[in-house]
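One structure below.
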Amino acid sequence: QVQLVESGGGLVQAGGSLRLSCTASGRIFSNYAMAWFRQAPGKEREFVAAFDWSSRYMFYANFIKGRFTISRDNAKNTMYLQMNSLKPEDTAVYYCAAGSRSAVTASTIDYWGQGTQVAVSS
């Protein structure tokens with residue numbers, strides 16, 4: 001059974017930082033493209049950042065503008081999203097995702113985590 005388990009969400013003031021973690025089964029982590037998406041209330045789920053399936057390349061949404069960094073620890077089968085300079089508009093449920101071919105659009109995702117809530121107060 002494939003599992004993607006996120007953690008690290010919470011409430012933070014604007015300008016603060018959070019680090020999200022996603023732990024996946026070894027089979028998925030080693031062979032799939034891994035990504036972070038987010039969904040704010042009343043909005044569609046949107047791409048945030050991703051590794052390609054080889055884990056050699058990283059992709060970021062334009063709105064990140066250097067504030068977020070995606071990383072991974074292969075020994076722990078864990079992917080991270082370091083979020084700095086958080087803004088109220090970053091408030092959303094953040095999802096870990098895996099796609100066998102790609103992970104930069106929701107339509108290519110094969111597996112989703114349950115999500116972790118991030119709330120940024122002004």
Side-chain angles (χ1 to χ4, degrees):
Q1 182 178 357
V2 175
Q3 277 192 316
L4 301 176
V5 180
E6 304 100 331
S7 62
L11 175 63
V12 65
Q13 289 188 331
S17 299
L18 282 174
R19 188 177 78 157
L20 306 182
S21 300
C22 170
T23 300
S25 60
R27 177 178 71 85
I28 295 299
F29 198 77
S30 300
N31 298 292
Y32 279 56
M34 300 291 297
W36 291 99
F37 284 74
R38 70 184 187 182
Q39 188 166 18
K43 294 187 177 181
E44 292 187 355
R45 194 167 297 190
E46 65 178 351
F47 170 75
V48 176
F51 285 99
D52 78 322
W53 67 269
S54 74
S55 76
R56 289 185 295 175
Y57 301 100
M58 294 174 285
F59 306 92
Y60 291 95
N62 289 336
F63 65 78
I64 297 303
K65 295 182 179 180
R67 299 184 299 123
F68 296 0
T69 302
I70 193 172
S71 63
R72 59 194 291 156
D73 184 336
N74 293 333
K76 297 180 179 179
N77 291 340
T78 300
M79 178 178 66
Y80 304 98
L81 184 68
Q82 177 67 43
M83 304 186 294
N84 299 325
S85 302
L86 282 162
K87 305 174 182 181
E89 51 264 44
D90 293 318
T91 295
V93 177
Y94 283 71
Y95 295 92
C96 178
S100 61
R101 297 174 288 114
S102 173
V104 296
T105 58
S107 62
T108 63
I109 297 301
D110 297 297
Y111 303 104
W112 294 97
Q114 82 286 355
T116 185
Q117 177 71 53
V118 171
V120 185
S121 63
S122 58

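Note that CD1 of I64 is 11.5 Å distant from OG of S85, once rounded to the nearest 0.5 Å. Note that OG of S55 and CG of N31 are 10.5 Å apart. Values are rounded to the nearest 0.5 Å. Summarising the geometry, atom CZ belonging to F37 is positioned 6.0 Å from atom OG1 belonging to T105; distances are rounded to the nearest 0.5 Å.
Closest of all the heavy-atom pairs between L81 and A49 is CD1-CB, 4.3 Å. Closest approach of P88 and S122 over heavy atoms only: CG-CB, 3.9 Å. Of all non-hydrogen atoms in Y60 and F68, the two that sit nearest each other are CE2-O, 3.4 Å. For the pair T108 and V104, the tightest heavy-atom approach, listed with the atom from each and the gap, is OG1-N, 4.1 Å. Between A92 and A40 the shortest heavy-atom distance is CB-N, 3.8 Å. I70 and F51 make their closest contact through CG1-CE1, 3.5 Å (heavy atoms, listed as atom of the first residue, atom of the second, distance).
For W53, the CH2 atom sits in a loose shell: 12 or fewer heavy atoms of surrounding residues, nucleotides or ligands are nearer than 6.0 Å.
Under the 4.5 Å side-chain contact rule for hydrophobic residues, F63 and V118 share a cluster. When hydrophobic clusters are built by joining Ile, Leu, Val, Met, Phe, Trp and Tyr residues whose side-chain heavy atoms come closer than 4.5 Å, directly or via intermediates, V93 is not grouped with Y80. V5 and M79 are members of different hydrophobic clusters when ILVMFWY side chains are connected at heavy-atom separations under 4.5 Å. Cluster annotation: Y95 and F47 are assigned to the same hydrophobic cluster (Ile/Leu/Val/Met/Phe/Trp/Tyr, side-chain heavy-atom contacts under 4.5 Å, transitive).
In this structure the side chain of V120 never reaches within 4.5 angstrom of the side chain of K87, judged on heavy atoms. When side chains are defined from C-beta on, I28 counts as touching M34, because their heavy atoms get closer than 4.5 Å. Contact check for F29 versus L4: no side-chain heavy atoms found under the 4.5 Å cut-off.
The side-chain hydrogen bond (donor to acceptor under 3.5 Å, both in side chains) analysis of residues 32-41, with sequence neighbours excluded, yields the pairs R38-E46, R38-D90, R38-Y94, Q39-R45.
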Donor-acceptor list for residues 6-25 side chains, cut-off 3.5 Å, not counting sequence neighbours:
residue: E6; atom: OE1; partner: Q114; partner atom: N; Å: 3.1
residue: E6; atom: OE1; partner: Q114; partner atom: NE2; Å: 3.3
residue: E6; atom: OE1; partner: G115; partner atom: N; Å: 3.0
residue: E6; atom: OE2; partner: C96; partner atom: N; Å: 2.7
residue: E6; atom: OE2; partner: G115; partner atom: N; Å: 3.1
residue: S17; atom: OG; partner: N84; partner atom: OD1; Å: 2.9
residue: T23; atom: OG1; partner: T78; partner atom: OG1; Å: 3.2

